[in-house]
Structure formats: C-alpha cells, structure tokens
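Quick note: residue numbers are just sequence positions, from 1. Atoms considered below: every heavy atom in the structure, side chains included; atoms not considered: hydrogens, waters and symmetry mates. Note that the structure is a prediction, hence the values are computed from the model and not measured.
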Amino acid sequence: MTDAAPSPLVLAVNGGSSSIKFALFNVAPPSDEIRRGSVTGIGTSNATLILDSEGGQQRLHLAGPSATPGGAVDRIVAALRPDVDPPPLAAIVHRLVHGGEQFHRSQPITAAVIAGLRSLVPFAPNHLPGEIALIDAFMTAIPGVPQIACFDTAFHHDLPAISRTLPVAPLPGLRRYGFHGLSYAFLMSRLNEIGGDEAHGRVVLAHLGNGASLAAVHDGRCVDTSMGLTPAGGLVMGTRTGDLDPGVVTFLARSGNLPVEEIDRQLTGESGLRGISGRSADMRELLAHEASDPRARLAVDIFCYQVRKWIGAFAAALGGLDTLVFSGGIGEAAPVVRSRICSELSFLGVRLEEALNAVGAPMISAPAARVRVRVVPTNEALMMAREARQVLAESNLAT
C-alpha cells in the first residue's frame with residue numbers, strides 16, 4: 001500500500017509599499033494554514049523576515065540585495081522551501097488593490113492581465129506598481145508555478161448606478177470602485193456560517209484599520225461603500241484624508257505651487273490621524289496619549305464620529321439595520337473605539353453589552369438590542385486561498 005500523495009499548497013501574497021505578508025495553505029478544503037510570515041522594512045537597512053512557527057517567531061535581518069523586493073521574495077521562497085518539499089506548490093495568489101472595470105473575478109495571471117494592470121496604475125499609483133513588481137519577482141523566483149490575481153474591488157463591482165456614479169462629466173473608467181473587498185467577502189462568508197439569516201439581512205461591515213472603510217450589504221449584495229475611485233476616499237484613515245472638499249486640492253496647488261505628486265504624498269501619507277494629531281497614525285498610540293494630548297483626543301474623536309456618520313448613512317441607504325460587524329486591526333482590538341462609535345446609535349437599535357465589548361466577544365450587542373453587533377476577525381489570506389482553489393479547479397491549473 002502506497003502513501004497518499006501530499007496535498008498541494010497555495011501561497012497567498014499581500015504586498016505593500018515596504019512590506020510583504022504571506023501565508024501558505026493547503027489547497028484542499030478547508031484550506032488549513034500551514035505557515036505565515038512577513039517581510040517588513042523593504043528598501044531600508046531594517047528589512048526583516050518574520051516567520052511564524054510553533055515555537056514562536058523567527059526573525060532574520062535582511063541586508064544588501066535581500067532588502068529589495070526581489071531579494072525579499074528570494075528569501076521568502078528559501079524560508080518556505082521545507083514546507084513545500086515534497087508537497088507541490090500549486091499556485092501563488094496575489095491581492096491586487098485595483099481591478100478597474102475589466103477585472104472583477106479572480107483569475108490566472110497572464111501577459112494580458114499584466115498589461116491590463118499596468119493600464120490601471122493611474123487609479124492606484126501608490127499600490128499597483130509594487131504589486132506588479134512582486135508578481136514579476138515571484139515569476140523569476142519560482143518559474144512555472146501558476147500565479148492568480150484576486151482583486152480588492154471585485155466585491156463592489158455590481159454597485160448600483162446610484163452609488164457607483166461620480167458627479168462629474170463621464171470619462172472611461174471613472175466611477176466609485178470600493179476596496180477591502182477580500183475582507184468583506186470573508187466577513188460575509190463568516191456571517192453565513194455563524195449568523196443564520198443575518199447574511200441575508202441589512203448589514204454594515206466596518207473594516208477599521210490603518211486603511212479603513214465601510215460597506216452596506218443587503219441580501220448578500222454590496223449596495224454602497226465608503227471608498228470611491230481610489231483607496232484614499234471615504235472615512236478618515238491613518239495617513240489618508242478620506243473624503244475631501246476638492247477645493248482643498250486646488251488650494252494646495254495654487255498656494256503652494258505644488259506638483260501633483262507632492263499633493264498626493266501629503267493627502268495620502270501625511271494626513272488623516274497623523275495629520276490631525278501631529279503625533280501618529282497608530283490608534284493605539286493616540287488612545288494612550290489622548291488624556292494628556294488634545295490633538296490626539298481630537299483625532300480619535302473625529303475617527304469615531306466619522307464612522308458613526310457612515311453607519312447612519314448606510315442604515316438610511318439600507319432602509320434600516322439588522323447587523324453591524326466590526327473588523328480590521330482597530331475594529332477587532334479597540335473596544336473603546338467600538339464603544340464610542342456605538343454610544344450615539346441607540347436610535348437605530350444599536351446598544352452594546354459593555355462587559356462583552358471590553359473582552360472583544362464575538363457578539364457584543366446587548367441581549368435585548370434590535371441590532372446585532374459582532375466582532376469578526378477578518379482573514380484576507382484565507383479568502384485568497386479559497387479563491388485560488390476555485391480558479392485552479394475552473395482553469396485546470398492544479399498540479
């Protein structure tokens with residue numbers, strides 16, 4: 001009797017401007033996670049590979065060429081080699097921040113897909129170039145392994161015209177797209193698993209982290225979302241302004257004689273919570289200093305106020321609210337923020353059980369409250385692995 005062949009694996013990759021997060025999963029359901037890790041500080045002297053293991057975290061300083069994106073990919077591949085030998089690596093799946101109008105399903109990465117992504121760079125100049133470079137680096141490091149693209153805009157592709165149309169003269173590709181789609185798709189799958197009929201009701205999903213947005217979902221379909229053409233719009237974020245009077249942009253250009261690149265850097269890299277507080281984009285630091293620093297307190301208050309406004313607006317768009325879900329780094333780990341957001345939403349039927357909220361229980365609403373309020377940890381990497389499994393099955397790419 002021969003041993004069964006080892007289950008093929010899929011590597012989920014989420015690249016940022018100076019970091020790469022990765023996780024290795026079994027292709028076979030339920031897509032168990034084998035390993036996860038990250039590379040931080042790419043392009044700096046502090047580049048570090050972090051690999052999670054049963055014994056804790058392994059940390060390895062990356063110097064010289066290893067501190068570049070291509071070098072970091074080589075070190076990731078080397079670090080994961082014991083896990084993918086002998087199990088075959090069936091695919092590498094990438095999170096792409098923007099799919100434009102043409103990419104609204106996960107699919108194999110081909111030369112045509114790469115060309116399409118390059119044409120979309122003006123929509124996400126701070127994200128797509130690095131993500132495309134990461135695809136190229138993995139193609140070089142592990143030639144012959146299929147690569148798959150998942151698009152963060154796909155969840156919102158079918159937004160109704162009333163919520164996707166921008167109030168400007170029509171131009172090709174100019175519409176509201178929405179982002180954090182992989183997170184929202186995962187959250188809805190979890191609601192289907194744990195909430196019975198909740199996933200078919202009127203749901204507001206709040207993905208709150210350094211990048212933050214909300215989505216309004218009715219009967220499983222996204223009907224509105226806070227981000228728009230780019231990930232810079234909507235709710236105030238760690239370093240991004242969120243929605244902004246367009247006159248501010250023209251004022252900066254005229255008064256400071258600033259090029260568009262510098263305006264973009266200021267509005268997406270030096271604004272938001274960092275700009276308001278003058279201290280930090282990190283909600284943990286702002287909460288730690290708000291008692292003694294009025295600007296830190298103001299930044300926290302503005303964030304909570306804006307989230308509360310978006311929830312109210314989306315309840316109006318949905319014709320009511322049945323379930324509110326908090327997720328993301330802030331949404332999952334900051335009970336004081338959840339409490340302040342919900343404190344003035346009792347008119348909608350939102351009321352927290354503060355003892356449950358304090359410990360981040362899965363359900364934090366009061367037993368008699370009309371609206372169920374949940375804390376659901378998101379898992380974009382697992383969602384990517386599931387998407388990859390589906391693409392592999394449909395495309396006959398599995399090894």
Side-chain angles (χ1 to χ4, degrees), residues 8-27 31-43 47-52 60 62 66-81 83-84 87-99 103 106-110 113-114 117 120 124 126-154 179-183 185-186 211 231 378-392 395 397-399:
L9 306 174
V10 61
L11 177 62
V13 177
N14 187 345
S17 58
S18 62
S19 66
I20 304 170
K21 297 178 183 178
F22 57 91
L24 196 62
F25 295 88
N26 279 319
V27 171
S31 297
D32 291 330
E33 182 178 300
I34 306 299
R35 185 83 65 205
R36 71 168 47 233
S38 63
V39 179
T40 61
I42 296 173
T48 304
L49 170 67
I50 302 168
L51 192 65
D52 290 348
L60 178 66
L62 304 182
S66 295
T68 67
V73 166
D74 290 337
R75 298 304 289 269
I76 291 171
V77 171
L80 293 177
R81 187 164 290 121
D83 293 304
V84 297
L89 187 60
I92 303 165
V93 56
H94 296 265
R95 171 181 172 265
L96 279 302
V97 72
H98 214 302
F103 299 123
S106 298
Q107 58 192 273
I109 296 174
T110 64
V113 169
I114 293 290
L117 291 173
L120 294 173
N126 298 324
H127 297 82
L128 276 178
E131 292 167 358
I132 295 169
L134 200 54
I135 292 170
D136 291 339
F138 272 102
M139 284 183 174
T140 299
I142 320 179
V145 175
Q147 300 205 63
I148 294 169
C150 293
F151 301 97
D152 232 8
T153 48
F179 301 87
H180 292 133
L182 287 165
S183 176
F186 178 82
T378 194
N379 194 332
E380 292 165 303
L382 177 55
M383 195 67 214
M384 292 162 65
R386 292 173 178 173
E387 289 285 304
R389 183 175 70 224
Q390 184 69 24
V391 171
L392 288 169
S395 307
L397 292 175
T399 57

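- Here the shortest heavy-atom pairing between Pro8 and Ala90 reads CB-CB, 3.9 Å.
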Please lay out, stage by stage, how His180 and Thr378 fare under the test side chain to side chain contact (heavy atoms under 4.5 Å, CB included).
CA-CA 11 Å; His180 292 133; Thr378 194; over 6 Å; no

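- Counting all heavy atoms, side chain and backbone alike, Gly15 lies closest to Leu134 at CA-CD2, 3.7 Å.
- Residue Leu9 holds its CG atom at 10.5 Å from OG of Ser31, rounded to the nearest 0.5 Å.
- Atom-to-atom distance recorded for Asn14:CG and Leu96:CG is 10.0 Å, nearest 0.5 angstrom.
- Within the 4.5 Å cutoff, no side-chain heavy atoms of Val113 are placed close to those of Pro108.
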Stepwise, does the side chain to side chain contact (heavy atoms under 4.5 Å, CB included) test hold for Phe179 with Thr153?
CA-CA 5 Å; Phe179 301 87; Thr153 48; 3.5 Å; yes

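- Partners of His127 under the ring-ring contact (aromatic ring centres under 6.0 Å, His included) rule, at least two apart in sequence or in another chain, do not exist in this structure.
- Nearest heavy-atom pair, Val145 versus Ala91, reported as atom, atom and distance to 0.1 Å: CG1-CA, 3.9 Å.
- One distance of note links OG of Ser38 with CG of Leu51; it measures 9.0 Å at 0.5 Å rounding.
- Note that NZ of Lys21 is 13.0 Å distant from CD1 of Ile76, once rounded to the nearest 0.5 Å.
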For Glu131 and His94: C-alpha separation, side-chain torsions, deciding distance, then whether side-chain hydrogen bond (donor to acceptor under 3.5 Å, both in side chains) applies.
CA-CA 8 Å; Glu131 292 167 358; His94 296 265; over 6 Å; no

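- The CG atom of Leu182 sits 7.0 Å away from the CE atom of Met383 when rounded to the nearest 0.5 Å.
- Leu89 has its side chain within reach of Leu24: a pair of non-hydrogen atoms, C-beta onward, lies under 4.5 Å apart.
- Closest of all the heavy-atom pairs between Phe186 and Leu382 is CE1-CD2, 3.8 Å.
- Side-chain contact between Arg95 and Asp152 is present, with at least one heavy-atom pair separated by less than 4.5 Å.
- Taking the ring-ring contact (aromatic ring centres under 6.0 Å, His included) definition, one finds that Phe151 meets it with Phe103, sequence neighbours left out.
- Residues passing the salt bridge (charged side-chain N to carboxylate O under 4.0 Å, His left out) test with Asp83 are Arg35, sequence neighbours excluded.
- Taking all atoms of both residues into account, the shortest heavy-atom contact from Pro129 to Ala124 is CD-O, 3.7 Å.
- Rounding to the nearest 0.5 angstrom, the gap separating the CD1 atom in Ile34 from the CG atom in Asp52 is 13.5 Å.
- Met384 has its side chain out of reach of Phe25: every pair of non-hydrogen atoms, C-beta onward, lies at least 4.5 Å apart.
- Contact record, Ser106 with Cys150: OG-SG, 3.3 Å, taken as the closest heavy-atom pair.
- Side chains of Ile135 and Gln147 form a contact here, defined as non-hydrogen atoms less than 4.5 Å apart.
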